[in-house]
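Have a look at the structure below, then the notes.
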Amino acid sequence: MATVLIENLTKIYPPTATYPHRVQALGGVNMSVTGNVFVAVLGPSGSGKTTLLNIVAGVETPTSGSVRAVHNGVPAQVGYVFQEPRLLPWRTVLNNMLYVQDRKSDRSRREAEFYLTMVGLNEVAHLYPSQLSAGMQQRVGIARAFLVNPDLLLMDEPFSHMDALTGRSLREYLQRVWLHTRKTALFVTHDVSEAVELADRILMLRPGGVVFDDIPIDLPRPRNPDDPAVRAVERDVLRRFDSMEAAVRFGAQAQ
Amino acid sequence: MTDVAHRAPAPPRPNDPTTFASGFQEIATLPTGDLRPADDRSYSAPLRALRRPWVVQLIAFLILLAVWQYLNVVSDRVPSIENVVSFMWTEITGGSHGGMLLGEFWGPLGLSLQRYAIGLLIGIPAGAVLGLLIGASRWVRGLLNDTTLVLLALPAVVWAFLASLWFGLTSTAPIVAVVLTAIPFVAINLSSGVRDIDPALVEMSKAYRVPPRNRIVDLLLGGTVPNALTGVRLAFTTGWNSLLIVEWFGATDGVGWRARFWYDALRYPGFVGWVFLFVILITLLDRLVLRRLERRAFQWNQKPTLSFAEDWGM
């Protein structure tokens, strides 16, 4: 169980040769996440969701502010599911799993096989990523994230590149594995129904990287997207999303 | 309704080649029969045989022999195939050919191969270390990248002459020439391989705090294998050229020296025979060792690709 404490986090990208302007990705984010919760960070494109996750993972550095992701006082072990699977093409599925492990022991191998079985891929452990479909590759990415026994699970729109059917199937796999492990999870998405189906709490980011709303989702699991209760929450979140957009437009007009 | 209509399909056998595990725990039975692509089936049997790679290569070889034989007929400066083969056979087995005593084959060949092996054993690892450093460190790249590119641009003959100048008629000169030729080829290819490693994979490794050993073995070395193999293949071929040039101009033994010996003696069958030997050796090395290694190293890359030639049925 990890604690993520984010205070006044800003990220400004400097001008580049192709875009000669500064870009503010995050404009003072404050949030805290603790416990075995699944938190969805919901926001439109350009609201700094991926930047937020990259900073929490330590892949990017903030311009100002602080981020602490700890577990029992030490930096939390992170499992990260990216938008694309990010597998080593020259390693088999099993070796891609073992790549993130400290030691390639029999125990690691057994654990890797266990998580591959959970996502229904144990039979293709010997294949290379190019021999798998995009959905199967992303399932390897999910299994890999759980294999490191993460204190904190980060997921950056992992199903955004999938067709609707594959996305739905992957969400079921993710729910199944998450319910088994109950890791602290930060899940970035721009899909409201996905957020409602998976999360215990939704943090809404508005363009410019500021937290607009913090919505608790108190629904039993596993959730069915066709369930009327789930639909009702979805409508509520969409209403809030619309009011955020209106606020952003109004703010822009006022300026 | 009969029993047959109600019978469930037999479970697939575990090692049945006609079954395929999809990963969704579904077993799909594939059709048996002619699995060749439809456009391949449209050719008649003799035409299909002509499209086989080894048949094409055999045809190319036969054309080469025919051109050679033709040149022998129209010019007295080109020895016949038969003469060259009989000369080289006598060179290998020992004896007299055209009034000259032959029989120095294994000595020069063994010596050249020894020099070649030592040169590559030094040059390839040295080039690999240099390439990894240039690829991984901006500072080393700034310091050595341009220099290495200049060294790469120098033809093998320059290294051969320089090595002969520095070390004279010794065994060191050909070895040094092979080393100096191999290093820039391996280094430049490997450094570009390191720079081409997908930054997304580096980010993933950083996020997961992948242990340094795994990053070096699986990401750095694993990711640069294709470039390393290209560099090694070039090092093998250019190293061999450079060795032969040094031996030709500045040695008293070895394969290059023996070819020059027959050239100076105006024995064209001997000269042509030894030149052919160079080609055969490097071709065998390429086919039997390097290409196999390459195929093995690229077995992960099984994306469906349609080449221009295949698209046009060529």
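If you're wondering where the values come from, they're calculated on a predicted model, not measured in any experiment. Just so it is clear: chains get the letters A, B, ... in the order the sequence lines come, proteins before strands, and each one is counted from 1.
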Answer with side chain, backbone, both or neither: which region of [X] has an atom nearer than 4.5 Å to a non-hydrogen atom of chain B?
| X | result |
| --- | --- |
| A:Leu87 | backbone |
| A:Leu154 | neither |
| A:Pro85 | neither |
| A:Ala145 | both |

Please find the pair of heavy atoms, one from A:Glu84 and one from B:Ala200, that lie closest to each other, and give the distance. OE1-CB, 4.4 Å
Tell me the closest heavy-atom pair linking B:Tyr208 and A:Val100, and the distance in Å. CG-CG1, 3.8 Å
Using modelled atom types only, decide if a donor and an acceptor are shared between the side chain of [X] and the backbone of [Y] within a distance under 3.5 Å.
| X | Y | answer |
| --- | --- | --- |
| A:Arg86 | B:Leu201 | no |
| B:Trp300 | A:Leu88 | no |
| B:Asn214 | A:Gln101 | yes |
| A:Tyr80 | B:Met204 | no |

Within a radius of less than 6.0 Å around [atom1] of [X], do more than 12 heavy atoms belonging to other residues, nucleotides or ligands occur?
| X | atom1 | result |
| --- | --- | --- |
| A:Arg168 | CZ | no |
| A:Arg68 | CZ | no |
| B:Arg195 | CZ | yes |

Could you tell me the separation between the OG1 atom of B:Thr224 and the CH2 atom of A:Trp90, rounded to the nearest 0.5 Å? 8.5 Å
Is any side-chain heavy atom of B:Val210 closer than 4.5 Å to a side-chain heavy atom of A:Tyr99? yes
Could you tell me which of B:Ser205, B:Ala297, B:Gly223 has the largest number of non-hydrogen atom pairs under 4.5 Å with chain A? B:Gly223
